Protein chains: 2
Amino acid sequence: MKLKDLSELLHLSQTTVSRALNGYPEVAEATRRRVLAAAEAHGYRPNMRARSLATGRAMAIGHVIPVTARHEMVNPIFADFLAGAGEVYSRRGYDMLISIVPDEDQEQAYRELRTKGSVDGLIVHAPKLGDPRVHLLTEIGMPFVVHGRASDAVEPYSWVDMNNTHAFRRATDLLLDLGHRRIALVNGLENMDFAIRRRAGFEEAFAARGLTPDPALMTSEEMTEVYGHDTARTLLATAAPPTAFLVSSILPAIGVRRAIEEVGLRMGRDVSVITHDDDLSYLKNRGDVPVFTATRSSVRAAGQRAAEMLLDLVESPGSGPREQLLEADLILGQSTGPLLQSVSR
Amino acid sequence: MKLKDLSELLHLSQTTVSRALNGYPEVAEATRRRVLAAAEAHGYRPNMRARSLATGRAMAIGHVIPVTARHEMVNPIFADFLAGAGEVYSRRGYDMLISIVPDEDQEQAYRELRTKGSVDGLIVHAPKLGDPRVHLLTEIGMPFVVHGRASDAVEPYSWVDMNNTHAFRRATDLLLDLGHRRIALVNGLENMDFAIRRRAGFEEAFAARGLTPDPALMTSEEMTEVYGHDTARTLLATAAPPTAFLVSSILPAIGVRRAIEEVGLRMGRDVSVITHDDDLSYLKNRGDVPVFTATRSSVRAAGQRAAEMLLDLVESPGSGPREQLLEADLILGQSTGPLLQSVSR
DNA sequence: ATGAAAGCGCTAACAG
DNA sequence: CTGTTAGCGCTTTCAT
C-alpha cells in the first residue's frame, strides 16, 4: 500500500493525502478524517527512504561504537546508554543506527555517515584526550552530542556527562571515613576523559585530608575482567596490599572479586570492593545493606538526555550548544554485613 | 558532490559513471579508471537513501531488542552479539538498525520495519515459547534469522543457537563430579527457549547418575542482579542450603556472589559458584586456575554467524532455511584455589 | 481546499 | 561500450 494506491482509493490527489497525513492545516477536517481512517484501515506506512529522499532528512541517529582491536569487546555500559537513547528515538519517530567500528577507522566512519546521508545526527561515545571528532563533526556540519566531555576541544559543543569527579570523590570519602588508607583505584584508560575525572575525584578526597594516595595503587587500563583480575592478584601479592578496591566499572570488578576469592581472602573482612557502574538500586530500601554504587540506570538516564538534546539540535538547527552534567544515582553507606569493612590502622 | 556533478565533470552520462562505480563489466577499463580517480579525488559517496529507493534494497539489517517493562533493562549479552553481527555488516556494506522496543509492542515494531522499508532483514532475539514472530515474519515475507530457537514454530526458519543443553549438562557434571548434590540452578525465565534447554541439560546430568535435582533449588526469573541476590539469600537461609550455584548469566551471578558475601560464607569453601555467559578465557592458559565458563566471546561468534547467514539469505532469496548449532567455548575444571570446592557427603 | 507537476539522487531497462 | 529515458515513493512549489 503506497501513497498512490491510497489516493486513488480515496479519489484524491497524492498531494492532499500526504498533507492530510502529515497534519498540514490547509486540509478540510472532513477530508483529513477520511484519509486517516483509510490509512489506518489499510495499514498504510510511508516508505521512509522515499520520504527521506524528498525531505533530505534521514529520520535516523547514528551511534559509532568503537571496539578496540586488542580486546574485541564492547563495554556493557553502552547497552544501558543505548537503551535510554533508543526509547527517546522511537518515541519521536527516529531510527537508531549503530556502527561498530575498529578504533582506527573512526574518522572514515563519520565522514561516510555524513555523505551517505544515513543519519541526521550523531552521538559521540568515549571521548578521549585530543579527540579529533569534535573538530571533524563541527567542520562537516553534522549535529552531534558527546556522551562525556572532550575537555581539550577548542570549539564549543554539546555534551551530556555524569559527574564522575564527584562520584569518585564521594566513594573515596566513604572508604577514607571507614579508616581505609591503602585504597586501590582500578580505573579505565587515562587517555579517556571519564577516567581522568574519576582519578581527580579520588585524589581530591585524599588531598582534602592532607593525604596522598599511593601511585602504585592507581592503575589504568581498558576495563576488562582480565584487567581487574590481574591487577588485584598483583597488588594483593605485594608487601603492602590494599585494604580496599575502588573499581571503575562492573567488568573489572568481577575480575577483582575473583582474584580476591582465588587468594583466599574474605570479601569485606580482609578487603573491601566498591564498584561504579554497578546497579545496586535494589538494596536501597532494604535497610540492612546500604553500600556504594553508581547505578547503571544513571547511564540509562544519560542516554535519554543525550538523545533528547540531539533531537532538539537536529530539529532546530539554530540553537547553540548545550551542556548537561548529571549526578549519578549514588548509594553510599556502611554495610551491616561484611561487604564494606572498616579498618583500624 | 553528487552523481550528476561528477558526470558533468567527466563529460560522461550519470549512467556510465554509476556503472563504473558499481563494477559493471560493460565499462571500458580506461573510463573506469578515470571515474574511480575522479570519485576518489572529490570524495564522492553515493547517497544511500536515493540508491535504496532506486534498488528497493535498504542495505540495512534490523535488530529488535525487547526491553521488559518491569525492569527496563537490557541484557548485556546483547552487546556482545551485536558487536559480532555489526562487524559482519560493516564488512559487507550494511547498516545495523536497532529498535529498543517494550516487550508488548513487538509485533507492531516488526510490521513497521517491513512497510517503512528500513531494513532488508531481521535478527529475532530472545525467542519464547509460543513466539508469534516466526509466523509473522514468514507471513510478511521478511528474511530473518532467529538467535536461539523457537521450538514450537510450525514453519521452517533459519536459526543460530548455542548448544545450551550441552553446556549445562557439562557444567552440572562438573559439580556432581566434585561431590555436590545440592546444586542451585539460577536460570532465566522458563518461557524463554534457552532457559528450557539449560534446565534440560541440568536435569539430564542428574538423571544420568540416577539422581533427581531438588525442585526447590531450581529457580527461574528475569536475569537481573537483584534476582540472583534475593534467590541466593533465600536459598542459603533454608535448612538445607545448596553447596553450589550454577548461574545462567553474568548479572544474576554478581547478585549471587554478593549474597554469599553478605551472609559471611566463604566463596569456594562453603559454597561454589559457576557462571554461564561470563568470560574467563583469560584463565585458560594460566595453569593455576582452571574453572568453568561459557565465554561471552562465544556469543560474539554467534552474532557473526547469524549476520552472515542473514545476509546470504537476503542476497540470494531462493535458498531455504539454514540452521547452526554452536558449541560454547567452555572451560571446565577443578580449581586449585578455592573457586570450586569439592564436597564430601 | 485541492491538484498538477517537478524534483530528491540514484539505478535500470532499452537503444544505439 | 555509452547515452536516453523512466521510474523508485514521497514532498513541495505553484496554480487554481
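Computed from a predicted structure; not experimentally measured. The sequence lines fix the lettering, A, B, ..., with proteins before strands; numbering per chain opens at 1.
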Practice task
Inspect the surroundings of CD in Glu26(B) and state if more than 12 heavy atoms from other residues, nucleotides or ligands are less than 6.0 Å away.
Solution key: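 Atom CD in Glu26(B) is crowded, with more than 12 foreign heavy atoms closer than 6.0 Å.
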Practice task
Give a yes or no on whether Glu139(A) atom CD has more than 12 heavy-atom contacts from other residues, nucleotides or ligands under 6.0 Å away.
Solution key: yes
Rounded distance (Å) that lies between atom [atom2] of [N] and atom [atom1] of [X]:
| X | N | atom1 | atom2 | value |
| --- | --- | --- | --- | --- |
| Lys4(A) | dA4(C) | NZ | P | 13 Å |
| Leu53(B) | dG7(C) | CG | P | 17 Å |
| Leu3(B) | dC8(C) | CG | C1' | 13 Å |

Is any NZ, NE, NH1 or NH2 atom of the basic residue among [X] and [Y] found under 4.0 Å from an Asp or Glu carboxylate oxygen of the other?
| X | Y | value |
| --- | --- | --- |
| Arg92(B) | Glu315(B) | yes |
| Arg300(B) | Asp80(B) | no |
| Glu8(B) | Lys2(B) | no |

Problem - Nucleotide interval of DNA chain D bounded by contacts with chain B (heavy-atom cut-off, under 4.0 Å) - result: dC1(D) to dG9(D)
Exercise for the section: For dG9(C), take OP1 and OP2 only and decide whether either is under 4.0 Å from a side-chain N or O of Arg51(B). Expected result: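 Looking at the OP1 and OP2 atoms of dG9(C), neither is under 4.0 Å from any side-chain N or O of Arg51(B).
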Are the side chain of [X] and the backbone of [Y] linked by a donor-acceptor contact shorter than 3.5 Å?
| X | Y | result |
| --- | --- | --- |
| Asp312(B) | Met309(B) | no |
| Ser158(A) | Arg322(A) | yes |
| Arg305(B) | Ala85(B) | no |
| Asn47(A) | Gly117(B) | no |

Practice task
With a 4.0 Å heavy-atom cut-off, tell me which residues in residues 54-61 of chain A come close to DNA chain D, sorted by residue number.
Solution key: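 Heavy-atom contacts with DNA chain D come from Ala54(A), Thr55(A).
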Exercise for the section: With ring-ring contact (aromatic ring centres under 6.0 Å, His included) as the test, would you mind laying out the steps for His63(A) and Phe78(A) before giving the verdict? Expected result: CA-CA 10 Å; His63(A) 289 246; Phe78(A) 279 131; 9.1 Å; no
Handout entry: For DNA chain C, the residues among residues 12-37 of chain B that have a non-hydrogen atom under 4.0 Å from it
Key = Gln14(B), Thr15(B), Ser18(B), Arg19(B), Asn22(B), Tyr24(B)
